[in-house]
Amino acid sequence: MEITDSSETEDFDDSVKDKDWKEEESSEISSESSDEQGTINEIINEVCESAIISFHIETQENIIPINKNSKKRLKNIKQWSRNVKKTKLNLGEAYINNSGKQVNQKQLLSPCDADKCKFKCATLFTLAERSNVLNMFWKMGDITSRRAFIIKYTSLVTPKYKYIKEVSKRLSNNAFFLPLDDVSKRVCKKMFMATLCISDKFIRTTIKKSGGSNFTLNDLRGKHDNHRSLDLELVAGIQNHINSFPRIESHYLRNQTSREFIDG
């Protein structure tokens with residue numbers, strides 16, 4: 001069986017690449033509207049705080065009851081193989097994907113080099129502390145909560161002096177933080193991705209979705225109306241045709257089953 005590694009390409013903090021960037025000159029953080037930013041922060045904090053608790057509450061919403069006289073088992077949507085696979089994916093657990101390949105469990109990756117890192121991230125966190133952050137991040141159980149976590153611990157850094165070329169495609173710098181004893185510690189981008197076991201693309205997509213007036217962290221994949229479906233008139237015609245046959249109840253087991261039979 002082929003093994004697929006769950007980790008992806010790593011990158012360093014954007015600010016490290018900028019030789020003219022200084023931490024003391026980057027105290028200004030861009031915010032176009034304070035009211036809008038406050039609303040966004042409230043949404044993010046609410047999602048992050050309630051994600052772990054709400055995911056583990058057992059509910060019966062996905063169990064659809066049927067007639068008590070029926071011998072059919074209850075339809076438990078959570079136990080469907082594709083939903084079990086999706087749950088393991090969202091929890092960062094090992095699973096077998098649709099191609100039959102084994103995907104490893106999310107685990108800590110190698111941190112940055114303490115001698116070369118600007119923030120000395122490797123000296124700020126122990127292995128156990130990094131492991132706690134990783135478990136907290138993936139136990140949220142859904143992509144919306146993970147995106148809210150990324151936004152909460154990522155800040156846009158605007159240097160006091162910045163020289164931009166007319167045709168430059170360079171994006172803004174971002175500062176990354178990790179929680180430690182209710183305090184946010186500044187880390188480089190490589191340490192941020194290695195601790196959470198995520199890719200640079202996940203960070204870029206999350207920041208892109210959180211910017212502008214169309215603020216959304218929800219997963220919109222598959223949330224469209226372009227699904228294959230039958231014409232309602234055709235379905236109604238088939239049902240009427242089936243119901244046109246004369247039917248009778250079971251003669252001997254009518255108290256034990258609701259099954260009907262064709263008369264004659």
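The chain is numbered in sequence order, starting from 1.
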What's the verdict on side-chain contact (heavy atoms from CB on, under 4.5 Å) for N90 and R146, showing C-alpha distance, side-chain angles and the deciding distance? CA-CA 9 Å; N90 286 327; R146 293 200 299 273; 4.0 Å; yes

Would you say the ring centroid of F176 lies under 6.0 angstrom from that of F192?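 Under 6.0 Å, so yes.
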
Go through the steps for N174 and S155 under the test side-chain contact (heavy atoms from CB on, under 4.5 Å), then give the verdict. CA-CA 6 Å; N174 293 293; S155 298; over 6 Å; no

Side chains of [X] and [Y]: closer than 4.5 Å at any heavy-atom pair?
X: I150; Y: I198; answer: yes
X: P111; Y: R130; answer: yes
X: D231; Y: V235; answer: no
X: M193; Y: I203; answer: yes
X: L108; Y: S131; answer: yes
X: P179; Y: S184; answer: no
X: M191; Y: F125; answer: yes
X: K185; Y: L180; answer: yes

Path from L127 to V187 over hydrophobic side-chain contacts below 4.5 Å: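 Same hydrophobic cluster.
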
Using modelled atom types and a 3.5 Å cut-off, is there a donor and acceptor pairing between side-chain atoms of [X] and backbone atoms of [Y]?
X: N83; Y: I77; answer: yes
X: W138; Y: E93; answer: no
X: T205; Y: F202; answer: no
X: Q79; Y: N76; answer: no
X: N97; Y: S99; answer: yes

Does the plane of the ring in F149 sit parallel, tilted or perpendicular to the ring in F137? Use 30° and 60° as the thresholds.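 Ring orientation, 0 to 90° scale: perpendicular.
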
State, to 0.1 Å, how close [X] and [Y] come at their nearest heavy-atom pair, and which atoms those are.
X: I96; Y: Q102; result: CG1-OE1, 3.4 Å
X: G141; Y: L91; result: CA-CD2, 3.8 Å
X: C112; Y: A122; result: O-CB, 4.0 Å
X: A94; Y: K88; result: O-CD, 3.6 Å

Knowing that exactly one of K209, M140, K152 qualifies, which makes a side-chain contact (heavy atoms from CB on, under 4.5 Å) with R147?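 Result: among K209, M140, K152, K209 is the only option passing the side-chain contact (heavy atoms from CB on, under 4.5 Å) with R147.
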
Carboxylate-amine/guanidinium contact [X] [Y], below 4.0 Å:
X: E260; Y: R247; value: yes
X: D200; Y: R204; value: yes
X: K190; Y: D113; value: no

Can you measure from [atom1] ([X]) to [atom2] ([Y]) and round to the nearest 0.5 angstrom?
X: I248; Y: I262; atom1: CD1; atom2: CD1; value: 10.0 Å
X: K208; Y: K201; atom1: NZ; atom2: NZ; value: 10.5 Å
X: M136; Y: K139; atom1: CE; atom2: NZ; value: 11.0 Å
X: Q239; Y: S244; atom1: CD; atom2: OG; value: 12.0 Å
X: L178; Y: L196; atom1: CG; atom2: CG; value: 6.0 Å

Just by distance, with hydrogens left out, do N98 and K85 show a side-chain donor and acceptor under 3.5 Å apart?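 On atom types as modelled, these side chains qualify, holding a pair under 3.5 Å.
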
Looking only at the side chains, is there a donor atom on one of D142 and S145 sitting less than 3.5 Å from an acceptor on the other?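 S145 and D142 do have a side-chain donor-acceptor pair below 3.5 Å.
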
Is it the case that atom CG in L234 sees more than 12 heavy atoms from other parts of the structure closer than 6.0 Å?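 More than 12 heavy atoms, drawn from other residues, nucleotides or ligands, come within 6.0 Å of this atom.
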
Can you establish whether the number of heavy atoms outside H241 located under 6.0 Å from its atom NE2 is more than 12?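 Atom NE2 in H241 is not crowded, with 12 or fewer foreign heavy atoms closer than 6.0 Å.
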
Chi angles and distances behind the side-chain contact (heavy atoms from CB on, under 4.5 Å) call for Y95, L89: CA-CA 7 Å; Y95 68 97; L89 185 151; 3.1 Å; yes

